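Keep in mind that what you see is a predicted model, and the values were worked out from it rather than measured.
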Amino acid sequence: MKIKDIIANKKITVSLEVFPPKQWDKLSASKKTVEQLLTYEPDFISVTYGAAGTTSGYTSELARDIIEHGGVPLSHLTCIQASEKKITQVIEELRAGGITNILALRGDIPKDITSGTGGDFHYASELIAYIKAHGDFCIGAACYPEKHPESKSVQSDIYYLKLKQDAGADFLTTQMFFDNTLLYRFKEKCAQTGVTIPIIAGIMPITAVSQIGRSVSLSGCTVPKEFADLTATYSSNAEDMRKAGIDFAVRQIRDLIENGQNNIHIYTMNKPETTAAVLAGIKDLIQ
Ligand code: FAD
């Protein structure tokens, strides 16, 4: 099943993201997480690709597992430090496994690479065009409501986003954000620039203060005052922080859906219980 068709045929979609393990012996635990998440009946589950392809085999293995359990996978693929031969090999592996949805990304440039990307592709748009020419895949790409950290401005980022659409991207998934007005403004600018493919809103429930340092700082997204106050209030009690983080994510998603943002993607951080709590909070809107 192609994600573009799911989006076209359903009023509201809710999808989930998982990351694969770094080591083989953790794969069965990751599979259990995926199987638990599938019981929540998401429209699809995306599986990330470790930096510079480090989890390549586990990403496709988890994606195949999702199919075996009746779900729809979206397999991430980055082209940083990758040769055309390696990318062709991964595409062939995905095709052979019955995977029809790929999120095509450049990947972060490692600090030791001072020019180029250490591979045959320079930008995600080149990877998208390559995938398009090598099979009948539904292709997604990344977008950044607060601009990509390397970009000069949101507007120049959107200019390159249009290149991803023109190269064959069928939909976009956003980086995490906490202030919905940023997404609404971003979508307006996208529409003005001719970016018309569906935009899926990526939501990260923050359930521990340590996540702010790791995930949030790395993404470069701003933390609104309401959220900063909340973490200051609950930082000393892990359970209260977890509940407050879930509550924030639920309110954020409810506001998005009430304002016509019908495609929601939850960064689960491989935490099924947290995901279940968020889904319970929006159940009445997605039925
Ligand atoms: P691009 O679209 O190539 O953009 C990179 C930068 O180059 C941007 O600043 C853009 O404005 C600029 N640019 C684009 N085209 C051109 C051009 N032709 N000329 C000049 N400048 C240009 N990383 C992983 O390693 N694994 C994952 O699984 C993963 N999943 C992700 C999922 C989502 C939803 C998101 C939002 C990000 C994900 N990332 C992942 C992170 C991503 O790889 C990084 O943000 C990376 O730095 C940029 O990737 P991109 O595909 O957006 O790159």
Side-chain angles (χ1 to χ4, degrees), residues 1-3 15-40 42-110 113 117-121 124 127-128 130-131 134-135 137-142 173 175-176 200 202 204-205 211 214-215 218-219 265-275:
M1 186 83 171
K2 290 192 173 153
I3 290 168
S15 50
L16 308 175
E17 179 184 280
V18 296
F19 52 81
K22 291 199 174 91
Q23 291 148 357
W24 189 254
D25 59 353
K26 303 274 181 344
L27 190 59
S28 62
S30 300
K31 285 187 176 182
K32 278 206 185 96
T33 299
V34 162
E35 285 156 29
Q36 181 63 41
L37 291 172
L38 280 167
T39 65
Y40 309 150
D43 288 291
F44 65 88
I45 295 186
S46 74
V47 188
T48 65
Y49 198 78
T54 43
T55 66
S56 173
Y58 308 147
T59 299
S60 51
E61 169 94 22
L62 278 188
R64 284 196 301 274
D65 197 55
I66 291 168
I67 296 179
E68 270 170 35
H69 288 83
V72 176
L74 167 64
S75 211
H76 293 205
L77 174 59
T78 69
C79 57
I80 211 95
Q81 291 183 295
S83 63
E84 188 179 317
K85 191 173 165 210
K86 168 72 182 170
I87 294 295
T88 309
Q89 189 191 322
V90 178
I91 294 173
E92 286 309 324
E93 193 180 314
L94 295 175
R95 195 205 321 274
I99 293 146
T100 51
N101 302 296
I102 302 178
L103 191 77
L105 302 143
R106 185 198 68 183
D108 287 324
I109 298 179
I113 292 187
T117 60
D120 290 335
F121 300 84
L127 178 63
I128 292 165
Y130 191 80
I131 296 170
H134 288 80
F137 291 100
C138 170
I139 306 170
T173 304
Q175 179 60 280
M176 69 174 94
I200 303 178
M204 167 87 84
Q211 255 176 289
R214 266 199 326 269
S215 322
L218 274 176
S219 74
H265 191 61
I266 301 176
Y267 295 113
T268 73
M269 300 304 285
N270 289 17
K271 291 180 185 161
E273 295 80 16
T274 299
T275 309

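Considering only heavy atoms from C-beta on, Asp43 stays 4.5 Å or farther from Ile3 through its side chain. Using a 4.5 Å heavy-atom cutoff, the side chains of Cys138 and Thr100 are not in contact. Side-chain contact between Ile266 and Pro205 is present, with heavy atoms from C-beta onward closer than 4.5 Å. Side-chain contact between Thr268 and Val18 is present, with heavy atoms from C-beta onward closer than 4.5 Å. You'll find the side chain of Ile80 reaches within 4.5 Å of the side chain of Pro110, heavy atoms only.
Atom CZ in Phe137 sits 7.5 Å away from atom CD1 in Ile131 (nearest 0.5 Å). One finds the CG atom of Leu77 at 9.0 Å from the CG atom of Leu103 (value rounded to the nearest 0.5 Å). Atom CD1 of Ile87 sits about 8.5 Å away from atom OH of Tyr130, to the nearest 0.5 Å. Atom CG of Leu94 sits about 8.5 Å away from atom CZ of Arg64, to the nearest 0.5 Å. For the atom pair Thr33 OG1 and Asn270 CG, the distance stands at 5.0 Å (nearest 0.5 Å). From Ser75, atom OG reaches atom CD1 of Ile45 across 12.5 Å, with rounding to the nearest 0.5 Å.
Of all non-hydrogen atoms in Ala104 and Ala124, the two that sit nearest each other are O-CB, 3.9 Å. Residues Tyr267 and Met176 approach most closely at CE1-N, 3.9 Å, considering heavy atoms. Heavy atoms only, all atoms of each residue included: Phe121 and Cys79 are closest at CB-SG, 3.5 Å. Contact between Pro73 and Gly71 at its shortest, heavy atoms only, is CD-O, 3.8 Å. Minimum interatomic distance between Ala142 and Leu105 (heavy atoms only, all atoms of both residues): CB-CD2, 3.6 Å. Across every non-hydrogen atom of His69 and Leu38, the tightest pair is CB-CD1, 3.5 Å.
Counting only distance, with no hydrogens or angles, the side chain of Asn101 and the backbone of Lys2 share no donor-acceptor pair below 3.5 Å. Under the 3.5 Å distance criterion, the side-chain polar atoms of Tyr58 are matched with a main-chain donor or acceptor of Trp24. A donor-acceptor contact shorter than 3.5 Å links the side chain of Tyr40 to the backbone of Pro272.
Sorted by first then second residue, the salt bridge (charged side-chain N to carboxylate O under 4.0 Å, His left out) pairs that include residues 68-83, not counting sequence neighbours, number zero. Listed by first and then second residue, the salt bridge (charged side-chain N to carboxylate O under 4.0 Å, His left out) pairs involving residues 85-101 are Glu92-Arg95 (not counting sequence neighbours). Sorted by first and then second residue, the salt bridge (charged side-chain N to carboxylate O under 4.0 Å, His left out) pairs involving residues 16-36 (not counting sequence neighbours) are Lys31-Glu61.
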Problem - Verdict with reasoning, Leu127 to Thr78, per side-chain contact (heavy atoms from CB on, under 4.5 Å) - result: CA-CA 8 Å; Leu127 178 63; Thr78 69; over 6 Å; no
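Partner of Val47 under the side-chain contact (heavy atoms from CB on, under 4.5 Å) criterion, out of Ile66, Leu74, Val34: Ile66 alone.
Remark: Phe19 pairs with no residue by the ring-ring contact (aromatic ring centres under 6.0 Å, His included) rule, at least two apart or across chains. Under the rule for a side-chain hydrogen bond (donor to acceptor under 3.5 Å, both in side chains), the partners of Ser15 that lie at least two apart in sequence or sit in another chain are His265. With sequence neighbours excluded, the residues that form a side chain to side chain contact (heavy atoms under 4.5 Å, CB included) with Glu273 are Arg242.
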